[in-house]
Amino acid sequence: MRKPIIIANWKMYKTVEEGRKFIAEFPLDKELFSEVEVAICPTFTALQTVGEVFRNTDVKLGAQNLYPVDEGAFTGEISPVMLKELGCSYVILGHSERRHILNETDSFINRKVKCAFKHELLPILCIGETLEERQKGKTEEVCIHQIIEGLEDIDTKDLARMVLAYEPVWAIGSGINASADEAEETIALIRDVIGENLDKEVAEKMRIQYGGSVKPGNIKEFMKKENIDGALVGGASLKADSFYEIIKGARGGKEEE
Ligand code: PGA
């Protein structure tokens, strides 16, 4: 059985002060978090504050990016060593905003995935098609390409521990989520592709999330699906109460399966 995982992606929202306010309002529900894994990926400036409060709790800390080198002359970038020092367990890689706004390629993302593992940071690798690609019937092709290139030459032991997030680009921040059936169909296909091209056991063990306009009102529908193991949540993770409701919904959805 794969343990459900809900991850907050705060993107470029929240000052340190706003992060503190979130923490003060967020219930540390030990029982719930033993059933649903929870991670929060704040801005770099809020990582330390959020990390200190959640240290020794069940809430994990994640970063939103890394540069795939330990240290050096890379102005404006952040090293995996620095993220580890702050207590990060996870790192979001290949988010569509970085692919499309910052032109990150699959091979560059693959370097980041390898570097994350080298430093014991678990990647949350994001993949997904744009609206144009979907309309042209290219969803499968795009996702398969991003998986195969992004995960090239990664040890199967490592692959089984990481998280994959299927996030159709048209559903991110738009308020228009993919239907649970659409998400399940693509995620089931992703699992098959992993089984056929990488490793059968990895395909069974790897947790695959859905992301894109997830909210308290729709999480249960996604979680009822066999292949969906959780969600990567942007907008609805910015308020402590709605993020907490999503985590509760993730447990509820699996119970009703
Ligand atoms: P959203 O963002 O929940 O605001 O759609 C999801 C994401 O970008 O990871």
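For this chain, numbers begin at 1 and follow the sequence in order. Every number for a ligand or one of its atoms is a count from 1 in the order of the listing.
Between Gly234 and ligand 1, at least one pair of N/O atoms sits closer than 3.5 Å. Inclusion of His95 in the set of residues having an N or O under 3.5 Å from an N or O of ligand 1 is warranted. Among the atoms of Ala236, none of the N or O lies under 3.5 angstrom from an N or O of ligand 1.
Taking a cut-off of under 4.0 Å to the non-hydrogen atoms of Ser213, the atoms of ligand 1 that pass are 1 (P), 3 (O), 5 (O). Interface atoms of ligand 1 facing Gly235, defined by a heavy-atom separation under 4.0 Å, are 1 (P), 3 (O), 4 (O). Atoms of ligand 1 found under 4.0 Å from any heavy atom of Lys11 (numbered from 1 in listed order, with element): 2 (O), 7 (C), 8 (O). Heavy-atom proximity to Gly173, at under 4.0 Å, picks out these atoms of ligand 1: 1 (P), 4 (O), 5 (O). Contact atoms of ligand 1 toward Gly212: 5 (O) (distance under 4.0 Å to a heavy atom of the residue).
One hydrophobic cluster, built from ILVMFWY side chains closer than 4.5 Å, cannot hold both Leu131 and Tyr166; they sit in different ones.
At a heavy-atom cutoff of 4.0 Å, ligand 1 is contacted by both the backbone and the side chain of Ile172. If you look at Ala171 next to ligand 1, the close heavy atoms, those under 4.0 Å, all belong to the backbone.
Residues Asn227 and Glu184 bring a donor and an acceptor atom of their side chains to less than 3.5 Å of each other.
For the side-chain hydrogen bond (donor to acceptor under 3.5 Å, both in side chains) criterion with Glu129, the lone passing option out of Arg134, Gln135, Lys138 is Arg134. Considering Leu83, Asp70, Leu66 in turn, Asp70 is the only one that fulfils the side chain to side chain contact (heavy atoms under 4.5 Å, CB included) rule with His119.
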**Prompt:** Could you walk me through whether Leu61 and Arg55 pass the side chain to side chain contact (heavy atoms under 4.5 Å, CB included) check?
**Reply:** CA-CA 9 Å; Leu61 188 68; Arg55 190 162 297 154; over 6 Å; no

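Residue Glu201 qualifies as open at atom CD: its count of foreign heavy atoms under 6.0 Å is 12 or below.
With hydrogens and angles ignored, the 3.5 Å screen pairs a side-chain donor or acceptor of Lys84 with a backbone N or O of Glu120. Between the side chain of Glu18 and the main chain of Thr15, a donor-acceptor pair closer than 3.5 Å is present.
Considering only non-hydrogen protein atoms, atom 9 (O) of ligand 1 sits nearest to Glu167 OE2, 2.7 Å.
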